[in-house]
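Being a predicted model, the structure only gives us computed values, none of them experimental. Residue numbers start from 1 in every chain, and the chains themselves are labelled A, B, ... in the order their sequence lines are given, proteins ahead of strands.
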There are 2 protein chains.
Amino acid sequence: MILKSVSIDCVIFGFDGNSLKVLLSKQNPEAVLKQLSEQEDFNDIKELYDDHPSFVDPKVWNVFGAHIPADKDLDEFARDLLYMATGMNDVFLKQFHCFGNVDRVPNNRVLTIGYYALINPSHYIIRKSIELNDLKWFNLNSLPKLSFDHGQIIKKALEHLRHEVRYQPIGFHLLPDKFTLTEFQTLYEVILDKKMDTRNFRKKIAKMELLIDSNQKQQNVSHRAAKLYQFDEHIYHRLKEEGLKFRIE
Amino acid sequence: MILKSVSIDCVIFGFDGNSLKVLLSKQNPEAVLKQLSEQEDFNDIKELYDDHPSFVDPKVWNVFGAHIPADKDLDEFARDLLYMATGMNDVFLKQFHCFGNVDRVPNNRVLTIGYYALINPSHYIIRKSIELNDLKWFNLNSLPKLSFDHGQIIKKALEHLRHEVRYQPIGFHLLPDKFTLTEFQTLYEVILDKKMDTRNFRKKIAKMELLIDSNQKQQNVSHRAAKLYQFDEHIYHRLKEEGLKFRIE
DNA sequence: TCAAAAGTGTTTTGTCTACACCCATGC
DNA sequence: GCATGGGTGTAGACAAAACACTTTTGA
């Protein structure tokens with residue numbers, strides 16, 4: 001049993017070192033319908049898919065989403081979705097907004113609860129399941145044709161990310177375990193869309209005492225190798241209790 | 001037609017000059033059922049009310065909430081709810097979180113989308129409708145017995161308010177049209193639960209150039225009368241375009 | 001004239017900004 | 001030895017924090 005009038009959409013952000021991307025999918029209508037037809041309430045729910053843009057127009061891409069099973073907690077199901085899409089657990093995932101205009105889905109009344117996830121693409125395992133025809137990272141300034149209000153959902157997710165990243169140290173989730181300060185700065189420059197001063201940025205980070213020096217350096221780079229740092233959850237939690245003043249802007 | 005599996009709950013905050021309060025209601029089961037029975041899908045929806053705590057236990061209070069009609073936009077219906085509760089339009093209203101654990105409502109799967117509203121109790125007109133047995137402001141540190149997860153909903157609304165109020169000039173919505181700087185400061189002290197220095201606070205506010213001097217003073221106070229200020233939406237919007245740097249903490 | 005709250009300035013401390021050069025490494 | 005990005009310090013401007021007394025008003 002699923003809830004016909006509520007779905008979850010999960011905007012998956014990734015950072016490849018240069019730009020912020022979003023992971024989108026194309027569904028395979030036959031496979032989706034086949035899978036759904038195994039459910040007892042198939043007759044009830046199939047109408048939800050009749051007019052689905054991505055079943056009608058093969059050019060249309062989607063944010064990962066699905067209707068919520070009646071027996072799944074919201075956050076739990078968002079995690080399941082994310083696992084289906086990326087094969088990853090332990091991902092930063094955050095609910096950001098519920099979209100509920102009457103006309104957001106033609107012919108059906110469906111609210112959708114938006115989550116965004118931050119993942120590091122290098123951890124990411126392609127899990128192109130049978131229900132998906134395609135799965136691809138898109139640059140945020142060159143998005144393809146999208147289903148329903150998925151464009152708005154992505155836009156709003158990005159706004160939330162932009163806000164959140166300034167006050168909470170969540171940017172780390174987009175980076176590899178070990179990263180250089182330049183990568184870290186580039187990430188912030190990309191998300192906040194502004195250039196920052198290297199010296200000032202580093203001073204700020206240093207003062208927070210949020211990173212640990214891994215005592216390693218980059219390998220195989222044709223220039224001076226940069227130190228690799230790690231973000232440590234323990235340090236973060238300790239600082240949080242002491243009233244962490246994290247702010248980058 | 002209503003959506004059986006989704007409701008809205010609207011946490012209404014008010015400030016009386018001394019403390020932050022929340023407006024709660026007690027429902028009148030007979031009147032609610034009578035009103036519902038006029039709807040075509042009554043048989044479908046009455047089960048939603050069978051075990052409602054406030055129908056079973058007369059001591060239980062509620063955040064204002066209702067199931068969403070199929071033909072109402074989410075934000076629009078949140079406004080309707082607020083109007084039903086307070087008789088006010090033009091109220092600051094913000095969606096903050098969707099609560100969706102399986103067990104949040106016993107025997108039914110109901111998600112609820114949380115909104116919070118900021119109102120100035122002096123504008124507030126009691127509209128104790130027939131469906132309500134009682135309607136009352138409660139102090140946040142002495143809440144009564146509440147339905148379902150309404151305690152958590154209020155707590156989370158308060159967290160969001162606390163965050164929001166620091167970066168956006170929304171505190172004004174809790175004050176009368178004309179207010180003194182002391183009232184303004186007290187409001188922030190109450191919401192953020194910390195004492196602030198009067199001189200520094202006033203300097204900060206003055207620098208923002210967000211308030212206009214109404215050229216009026218308090219009347220009938222047994223001490224030096226304070227100047228009354230106004231918050232002006234126009235100024236706010238102009239400053240916002242210029243990149244308003246509002247921060248109080 | 002007293003009580004009660006309004007209103008105001010200065011100093012110190014810390015944070016933010018702007019800015020330019022040397023360092024290490026691979027080719 | 002050169003190209004490439006890594007890494008560092010200082011001075012000036014600005015904002016935040018700490019702190020105490022005078023003013024106005026009504027009773």
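Judged by distance alone with a 3.5 Å cut-off, a donor-acceptor contact links the side chain of A:Arg199 to the base of D:dG9. Side-chain atoms of B:Asp197 and base atoms of D:dC19 include a donor and an acceptor less than 3.5 Å apart.
Within the 4.0 angstrom heavy-atom criterion, no nucleotide atom of any strand lies near B:Asn220. Residue contacts shown for B:Thr180 are absent, as no nucleic acid heavy atom lies under 4.0 Å away.
For A:Phe201 and A:Phe184, the distance between ring centers is under 6.0 angstrom. Aromatic rings from B:Phe172 and B:Phe92 are positioned such that their centres are separated by 6.0 Å or more.
Closest to the B:Arg202 side chain, of the nucleotides D:dG6, C:dA18, C:dA6, is C:dA6. Comparing atom distances between the A:Lys227 side chain and each of C:dG7, C:dT17, D:dG7 picks out D:dG7 as nearest. The side chain of A:Asn200 sits closest to C:dA18 out of D:dA17, C:dA18, C:dT25. The listed nucleotides are D:dA15, C:dT17, D:dG5; the one nearest the side chain of B:Lys207 is D:dA15.
B:Phe179 places its CZ atom 20 Å from the P atom of C:dA5, with the value rounded to the nearest Å. Here the P atom of nucleotide C:dT25 and the CG atom of A:Leu228 are 13 Å apart, to the nearest Å. Straight-line distance from the CD atom of B:Glu249 to the P atom of D:dA16: 9 Å, rounded to whole Å. For B:Arg247 and D:dA15, the CZ to P distance is 12 Å, given to the nearest whole Å. Nucleotide D:dA18 holds its P atom 15 Å from the NZ atom of B:Lys195, rounded to whole Å. One atom, CD of A:Glu183, and another, P of D:dG7, lie 11 Å apart when rounded to the nearest Å. Atom NZ of A:Lys204 is separated from atom C1' of C:dT17 by 10 Å (rounded to the nearest Å). Look at OH on B:Tyr229: it is 12 Å from P on C:dA6, rounded to the nearest Å.
Note: B:His97 and B:His160 have tilted aromatic rings, judged against thresholds of 30 and 60 degrees for the angle between ring planes. Using cut-offs of 30° and 60° for the angle between ring planes, the A:Phe231 and A:Tyr236 rings count as tilted.
Residues A:Lys203 and A:Val221 each lie close to DNA chain C; by heavy-atom proximity, the contact nearer the 5' end of the strand is made by A:Lys203. Each of A:His223 and B:Thr198 was assigned the nucleotide of DNA chain C with the nearest heavy atom; the assignment lying further toward the 5' end belongs to B:Thr198.
Between B:Ser222 and C:dA4, a side-chain N or O to OP1/OP2 separation shorter than 4.0 Å is absent.
One distance of note links CZ of A:Arg199 with NZ of A:Lys203; it measures 7.5 Å at 0.5 Å rounding.
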